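Keep in mind that this is a model prediction, so the values were computed, not measured. Below, chain A is the first sequence line, B the second, and so on; all start at residue 1. Quick note: numbers below take in every heavy atom, side chains included, and nothing from hydrogens, waters or symmetry partners.
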There are 2 protein chains.
Amino acid sequence: MSKDERRLTSFDVAARAGVSQSTVSRALSGSPTITEATRTRVIAAARDLGYVVDERAARLRSGKSKTIAVVVIGRAGQGAASVNPFYYSLLGSVCTAAAQQGYQALVSIQSEPEQFFGQFIERGQADAVVVLGTATNRQAWDHFSDYRRVQSNLAFWGAPFDGPGYVRSDNHAGAKLAVERLIAGGYKRIAFVGETDGAQRQFSERYEGYRTTLEAAGLTASEAITAPGETREEQGAGAVAALLESGDGFDAVFSACDAMALGILARLRDAGQSVPEDFGVVGFDGLGVGAHSSPPLTTIEPDFAEAGLNLVEAALGGADDDRDRRVSVHLVERASAR
Amino acid sequence: MSKDERRLTSFDVAARAGVSQSTVSRALSGSPTITEATRTRVIAAARDLGYVVDERAARLRSGKSKTIAVVVIGRAGQGAASVNPFYYSLLGSVCTAAAQQGYQALVSIQSEPEQFFGQFIERGQADAVVVLGTATNRQAWDHFSDYRRVQSNLAFWGAPFDGPGYVRSDNHAGAKLAVERLIAGGYKRIAFVGETDGAQRQFSERYEGYRTTLEAAGLTASEAITAPGETREEQGAGAVAALLESGDGFDAVFSACDAMALGILARLRDAGQSVPEDFGVVGFDGLGVGAHSSPPLTTIEPDFAEAGLNLVEAALGGADDDRDRRVSVHLVERASAR
DNA sequence: CTGAAAGCGCTTACAG
DNA sequence: CTGAAAGCGCTTACAG
C-alpha cells in the first residue's frame with residue numbers, strides 16, 4: 001500500500017473535522033440531511049488527510065455493491081482470443097453506460113463449462129449481471145438461460161434464444177434499411193445469406209425484415225441461403241459460391257452479419273465479380289474491419305451507446321423490466337453497394 | 001435477490017453441518033488445517049443450502065480484494081468508441097491472466113480528465129491496477145505516471161513514457177524480424193515510418209531495431225519518416241506519399257504500427273503501386289483487421305497471453321518487481337511482402 | 001441537524 | 001483439528 005503505516009478511517013476524518021463518525025459518513029455520501037458548512041469541513045478534512053472510504057465496509061453495511069458484472073462468452077476452447085471486435089465494442093459500451101449510472105464493471109471472459117459462473121449477486125460482488133458474446137457457445141447460453149430463472153437481474157445480448165432480459169438490435173428496421181438501399185442501387189435480384197433456424201435468433205428477424213421489405217416493393221424474396229463452414233467468413237463465402245452457381249441471376253446479397261459479408265466479398269473477388277458494379281453487398285453489425293475490406297463494406301450498425309445503456313437498465317431492472325428492448329440501427333454507407 | 005427471504009450466512013451452514021462458523025470459513029476457503037471429512041461435510045451443507053460466501057464481508061475482514069482494476073485509456077473526448085481493437089484484445093488478455101491467478105477484473109474506460117481515477121487500492125476495491133490504452137491521451141498518462149510515485153502496484157502498456165511498471169513488446173526482436181523478412185523478400189531500399197520523438201516510446205525502440213538490423217546486413221538505414229494527420233492511417237498515408245515523391249527509390253516500408261500500415265497500403269494502391277510485387281510493407285501489432293486489407297498485411301504480433309500475464313504480475317509485484325518486462329513477438333505472414 | 005450504538009457477515013488471532 | 005470471541009470499517013436505525 002502507500003507509505004502510511006495505518007489505514008486511515010472515517011474516525012480520523014471525524015477527529016480532524018470535529019464531528020462524529022456518522023456525520024463523516026453522511027457528509028461524504030452526499031446525504032441531504034447535512035449542513036453545507038459541515039459537509040465542506042468534512043470534505044476538507046478528508047482531502048487533507050488523503051482519506052477515501054473503504055468500499056468493502058461501505059458495501060457490507062449498505063448491502064449494495066454498485067457494480068455490474070459483465071460476462072463475455074467466448075468460443076469453447078478458445079478463450080479471449082476468440083472474442084470478436086463487435087463484442088469488445090459492446091463490452092466497452094456496457095462499461096461506459098454502467099459508469100454513467102454510477103456503477104462499476106466487473107468483467108470476466110468465460111468460454112469453458114468449468115468456468116461458467118454468474119453468482120456475482122449472491123456473493124455480494126454485483127447488483128446485476130450482463131451476459132454477452134457469441135451465440136455459438138451453446139453450453140454457455142444454456143447455463144445462463146437456466147440461471148435467469150432464479151436470478152432476474154440478468155440481461156443478455158447475442159443469445160441464440162429469446163426471452164426476458166434479452167436486448168437486441170431493431171432487426172426489422174435494419175433489414176429494411178439494407179434492402180431498400182440495395183433496391184435504390186438498382187439491384188434486381190436480392191438474396192439473403194444467414195441461417196434462420198434459430199442458432200442466432202436475430203438472423204430470423206433480419207430475414208423477416210428482408211422478406212417483407214422486398215414484397216412491399218413488389219419484388220420476390222428467396223429462401224435464406226446458408227453453407228457449412230468453421231467460421232462465419234467461410235459460411236458466407238460458401239453461400240455466395242452456391243448462389244453464383246445457381247444461375248438464378250442474383251445480383252445482390254443482404255448478409256445477416258458482417259463477418260459473413262467479408263467472406264462474401266472475398267469470394268466474389270475470386271470469382272471475378274466486381275463489387276459494387278456487378279454485385280451489391282450490405283452487411284449487418286457495423287464491424288470496424290469492414291472499413292478496410294475491398295471494397296469497404298456498406299453495413300447496418302446498431303447504436304452501441306444505446307445498446308450498452310439498455311443492457312445495464314435491463315439487468316438492473318430485473319423482473320420489473322419487461323420492456324421489449326430494441327436498439328436503433330443506422331446505415332453506414334461505404335462502397336459495396338452502388 | 002432470489003426467492004429466499006433472508007440471506008444465508010455461514011451460520012446456517014455451520015448449523016446444518018454441525019460445526020462452528022470458523023470451521024465453515026476454514027473449510028470453504030481451503031485452509032489446510034481442516035480434516036477432509038469435515039471439509040466434505042461443510043461443502044455438502046453449503047451446496048444443499050445454496051450458500052456462497054459474501055465477498056464484501058470476507059474482503060473487509062481479510063483486507064484483500066483479489067481484484068485487479070484495469071483502466072483503459074481512450075482518446076480525449078471520444079470515449080469507448082475510440083478504443084482500438086488492439087487494446088481490447090489486450091484488455092481481454094489481462095482479464096484472462098487475472099482469472100488464472102485467482103483475481104477478478106474491474107474495468108473502467110477513462111478518456112476525460114474529470115474521470116481519471118486510480119484509487120481503487122485505497123478504496124479497497126483492488127489489490128493492483130493495470131493501465132493501458134492509447135499513448136495519445138497525454139493528460140491521462142501524466143496523471144497515472146504521477147500516481148505511480150505514491151502507489152507502486154501499478155503496471156502500464158502503451159504509455160508515452162518509460163519507467164517502473166511499464167510492460168512492452170520486445171521491440172528490438174520485432175523490428176529485426178520485420179526487416180529481415182523484407183530483406184529476404186529481395187527489397188533493396190527499406191524505409192521506417194513512425195515518429196521517434198518519444199510520443200510513443202516503443203516506436204523509438206522499433207526504429208533502433210530497424211537501423212541495427214539493416215546495418216548488420218550491410219544496407220543503409222534512413223531517417224524515420226513521419227507525416228502529420230489526425231489518425232494513424234492518415235499519418236501512414238502521408239508518410240508513404242512523401243516517400244514516393246522523394247524519388248529516393250524506396251521499395252519497402254517497415255511501419256511502426258499496423259494502423260499506419262493500413263493507411264500506407266491504401267495510399268500505395270491509389271498511387272498504382274502493386275503490393276507486394278513493387279513494394280513491400282510489414283507492420284507491427286498483429287491487428288485483426290490486417291487480415292482483411294488488400295493485400296492482407298504481414299505484421300509483427302506480440303504474444304497477447306504473455307502480455308496479459310506480465311501486466312498482472314508487474315502490477316501485483318509492485319515495488320518489488322523491477323524486471324524489464326518485454327513480451328515476445330512473432331511474424332504473422334500474410335501477403336504484403338513477397 | 002448531529003451523535004452514540006449497533007450490526008452488516010465474514011476471517012483470524014487466541015485457546016484448548 | 002476445532003471453537004468462542006473479537007473486530008475489519010463502514011452505514012443506518014434510533015434518539016435527541
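Rounding to the nearest 0.5 Å places CZ of B:F117 at 7.0 Å from OH of B:Y147.
Remark: B:L90 engages B:F86, B:Y87, B:L132, B:W157, B:F304, B:A307, B:L311 in a side chain to side chain contact (heavy atoms under 4.5 Å, CB included) (not counting sequence neighbours).
Residues B:R7 and B:Y51 fail the side-chain proximity criterion, which asks for heavy atoms closer than 4.5 Å.
In this structure, B:R16 pairs ionically with B:D48, as a charged nitrogen and a carboxylate oxygen lie closer than 4.0 Å.
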Given protein heavy atoms under 4.0 Å, the one-letter contact record of nucleotides 9-16 of chain C, with B base, S sugar-phosphate only and - none, is simply BBBBB---
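Nucleic acid contact for B:T35: sugar-phosphate only, since backbone atoms but no base atoms lie under 4.0 Å from a heavy atom of the residue.
For B:V129 against B:V71, the heavy-atom pair with the smallest separation is CG2-CG2, 4.3 Å. Minimum interatomic distance between A:G74 and A:V83 (heavy atoms only, all atoms of both residues): CA-CG2, 4.3 Å.
Between A:F156 and A:Y166, the ring planes are parallel. Angles under 30° get that label, and only those over 60° would be called perpendicular.
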Go ahead and write out DNA chain D as dot-bracket, 5' to 3': ( ) for pairs within the strand, [ ] for ones crossing earlier pairs, | when the partner sits on another strand, dots for unpaired; Watson-Crick or G-U wobble, both distances under 3.5 Å.
-> |||.||||||||.|||
Give the intermediate values and the outcome of salt bridge (charged side-chain N to carboxylate O under 4.0 Å, His left out) for residues B:R168 and B:D324.
-> CA-CA 9 Å; B:R168 50 204 167 303; B:D324 180 30; 3.5 Å; yes
